[in-house]
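Worksheet: the structure to be examined is printed underneath.
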Amino acid sequence: MAKIRILPEHLANQIAAGEVVERPASVVKELIENSLDAGADLIEVEIEGGGTRLIRIVDNGEGMDEDDVLMSFERHGTSKISRDDTIFSVKSLGFRGEAIPSIASVSKMNIISRRKDDELGTAAYSTYGSIKKVHETGSRVGTIIEIQNLFGNTPARKKFLKTVRTELSHIDDTIKSYALVRPDVSFTLRIDGRLTIQLEKDMALAGRLSRLLKYTGDFIEIDSGPSGPDGIRVRGHLIPPESTVPVAGRLRFFVNGRVIKDRLLGHAVNEGLRSFMLKGRYPAGIIGVDLPPESVDVNVHPAKHEVRFKDSRTVHKKVSDAVQDAMFVRQQPLRQNIFSDSRPIYQPPETEASTEYKPSPEQPATIQRGEISATPRPLYQPHQPRSDFKTEEALISSFPSPTRNLDDRNSHEIVDPVQVEDLIVIGCFLDLYIFCRNNDKLIVIDQHAAHERLLFEDLRKQYTNGKVASQNLLFPVTLELTVYQSQLVEANQEQLESMGFSIRDFGGTTWVLAAVPALAGNYSPQSLFVDILERFGSENNRGGGGNLEDILATMACKAAVKSGDALSDSEIRALLERMAKAELFSHCPHGRPVVKIFPADEIKKWFYRT
């Protein structure tokens, strides 16, 4: 007797439902996608009982006639695929033809639909996959689908659902995602008769994003521009890194209008924000990728949550580059806001205290150094600058992130130079924060974070060119390393030399440090070298030759002026001039913001003077 048999139709539908209908939010997702494919620009969702008692989706799409309504209950019935090759270039959201029959097999489903040219619509009623009644009815143009008693015939499935609050949060998130992907469509959500979401189609994407994320500031606009030879375009909006919170899951992705969850895109955004976002913070906003349908496979997940890119490396780089470019573009208006103002600047009385900060003669600087030059150079002059720089080809390609050579940023050069004279230094606080005034704005600058970013960019440019400036030590330092540290030196000696270190073996685990990076300032050569060496041996750097950007950031941090370093007038002025001319200055390489602007109106609110 044969052991293999064909499953009954109702059982096959329930198995398919297990793949497609994970929870009530899955039903909402599938039906919203059908409404969008039908050309709807108005979608209303009503939920009762966490989605198990009632889900009602109302749209104003093109609707269906009686034949199409009946065919929609059949497995694999679809209007989205007409030829064999269509499956490899899917342009619609719903295409498998499994959603309605799968949902109907585990619920009581009612469909009422009418086309624009028909006088009457069609109503069909199904109970757990069995059509009970079909008749003509008066209805609005579009489609109304009601799902009642979800999982009523599969109580075991119902037990796996979470609390009502959790299921409602998934439904809410699904609707918000599609509301952001399709700002040209009106969305409403009612939960147990209470209106919770109402978004009109004339609302701009930034306005929708601001409302849904409860964020009132400006967004960083992402746009890679018209599609190039690869046909890929990246668009979106991100909350500025300094305004993010330590909560994950606030970044949404879509590919060709389809809401997805994708680790590749998430990693690409994080790489684009490298050196802009603090550790423990997460990006927030929305990122969309548009590319030719044949370049992406949407048929890799039963519920269509995931996709597979034909060239994932190119997509990753495109997204990362677009985010990084947006951060560079953002520097120009920020620079103008800080250093320049077209309005007349109020001139205070000509007193020494009101024009420029003067350090007290009784409080000398705590460290000895030269001025912070407007041109890249260390805080003090090296004894014997080396000329035999170690060169490498394409060192920047060793970075684990897809960071491009700085020469590729020509499109973001400073095209509107600003005058630092517009910025009046009014004092310093804690020998760390420089207080300035530009017209009616109070500007606070973190001297350590600002100097750290400038040194980091200098180091990165030098490293990219294989020419990190180094200085010979007047008295070479003898280092007693551990066996593991000695192995790290041997494995990474070439990269250490390209960073400006000169280290030679003295036998056993003893090494001689003869030169350090010129930008190291007065920092202890031994401590700097050991700190950098530990970076090569950390878990995050093993197998990849070290996270070079993190290592360069550490070097910049060690060399930068510290909290408590009292800067002279000329050093403050030189620091501000370098910031005004820098290609990038808004964040230190560890993600801390460099500057904070307080408008006069905001300060007046503190004292109730508005």
Side-chain angles (χ1 to χ4, degrees), residues 24-48 51 54-73 77-80 91-95 97 99-101 103-104 107 109-126 134-148 171-205 207-208 211-212 254 256-259 304:
S26 305
V27 175
V28 174
K29 174 183 180 295
E30 295 288 346
L31 298 183
I32 285 180
E33 288 179 347
N34 284 345
S35 296
L36 293 174
D37 282 340
D41 63 0
L42 171 64
I43 298 177
E44 301 174 355
V45 182
E46 185 175 345
I47 305 295
E48 293 181 5
L54 173 69
I55 298 174
R56 179 184 291 117
I57 309 288
V58 180
D59 69 54
N60 65 344
E62 61 183 3
M64 299 180 286
D65 60 13
E66 181 176 334
D67 291 339
D68 285 340
V69 169
L70 294 177
M71 286 296 296
S72 68
F73 283 96
T78 179
S79 62
K80 318 298 172 56
K91 299 180 180 179
S92 59
L93 299 178
F95 60 91
I100 289 182
I103 298 169
S107 68
M109 175 183 283
N110 304 329
I111 297 181
I112 300 175
S113 188
R114 176 188 159 221
R115 298 185 304 182
K116 180 179 179 180
D117 297 333
D118 295 338
E119 293 183 0
L120 296 174
T122 300
Y125 304 90
S126 167
V134 179
H135 63 82
E136 291 185 331
T137 184
S139 67
R140 58 190 287 182
V141 174
T143 302
I144 302 173
I145 298 182
E146 290 186 355
I147 310 298
Q148 300 176 2
I171 294 174
D172 180 81
D173 185 71
T174 298
I175 295 174
K176 287 179 178 178
S177 294
Y178 274 103
L180 292 174
V181 172
R182 293 295 301 272
D184 58 325
V185 178
S186 297
F187 286 87
T188 61
L189 171 63
R190 287 183 173 84
I191 298 178
D192 296 325
R194 180 171 56 91
L195 182 65
T196 60
I197 294 179
Q198 185 172 19
L199 299 169
E200 301 300 329
K201 63 182 179 180
D202 57 352
M203 179 181 292
L205 175 58
R208 283 195 173 189
R211 178 184 296 184
L212 296 179
F254 68 90
N256 290 350
R258 181 187 304 278
V259 176
K304 297 171 291 185

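Remark: E46 CD to I55 CD1 distance equals 11.0 Å, nearest 0.5 Å. Atoms CD1 and CD, on I57 and E30 in that order, are 11.5 Å from each other to the nearest 0.5 Å. Note that the CZ atom of F187 and the NZ atom of K176 stand 13.5 Å from one another [nearest 0.5 Å]. Going from atom CD1 of I147 over to atom CZ of R56 covers 11.0 Å, rounded to the nearest 0.5 Å. The CE atom of M64 sits 9.5 Å away from the CG atom of L70 when rounded to the nearest 0.5 Å. Atom CD of E200 sits about 8.5 Å away from atom CZ of R208, to the nearest 0.5 Å.
The two atoms that bring N110 and Y125 nearest to each other are OD1-CD2, 3.0 Å, heavy atoms only. Closest heavy-atom contact between S72 and I111: OG-CD1, 4.1 Å. Between E136 and L120, the shortest heavy-atom contact is OE1-CD1, 3.5 Å. Here the closest non-hydrogen pair linking V181 and G257 is CG1-O, 3.4 Å. The shortest non-hydrogen separation linking G63 to T143 is CA-OG1, 3.8 Å. Of all heavy-atom pairs between D59 and A40, the closest is CB-CB, 3.7 Å.
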When you look at V185 and K201, which way does the side-chain contact (heavy atoms from CB on, under 4.5 Å) test go after all the steps?
-> CA-CA 5 Å; V185 178; K201 63 182 179 180; 5.6 Å; no
Could you go through the side-chain contact (heavy atoms from CB on, under 4.5 Å) check for N34 and I100 one step at a time?
-> CA-CA 10 Å; N34 284 345; I100 289 182; 4.2 Å; yes
Pair T137-I112, side-chain contact (heavy atoms from CB on, under 4.5 Å): steps then yes or no | CA-CA 8 Å; T137 184; I112 300 175; 3.9 Å; yes
Could you go step by step and tell me if V28 and I47 meet the side-chain contact (heavy atoms from CB on, under 4.5 Å) rule?
-> CA-CA 10 Å; V28 174; I47 305 295; 4.2 Å; yes
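In this structure, L212 and L199 have side chains that are in contact, with non-hydrogen atoms separated by less than 4.5 Å. Within the 4.5 Å cutoff, the side chain of I43 has heavy atoms near those of the L36 side chain. With contacts defined as side-chain heavy-atom distances shorter than 4.5 Å, the pair V69/V134 does not qualify.
Taking the side-chain contact (heavy atoms from CB on, under 4.5 Å) definition, one finds that L42 meets it with E44, N60, R140, S186, sequence neighbours left out.
Taking 4.0 Å as the cut-off between side-chain N and carboxylate O, R194 and D192 do not count as a salt-bridged pair.
More than 12 non-hydrogen atoms from other residues, nucleotides or ligands lie less than 6.0 angstrom from CG of D184.
Each of V45, T188, I175 was compared with I197 under the side-chain contact (heavy atoms from CB on, under 4.5 Å) criterion, and only I175 meets it.
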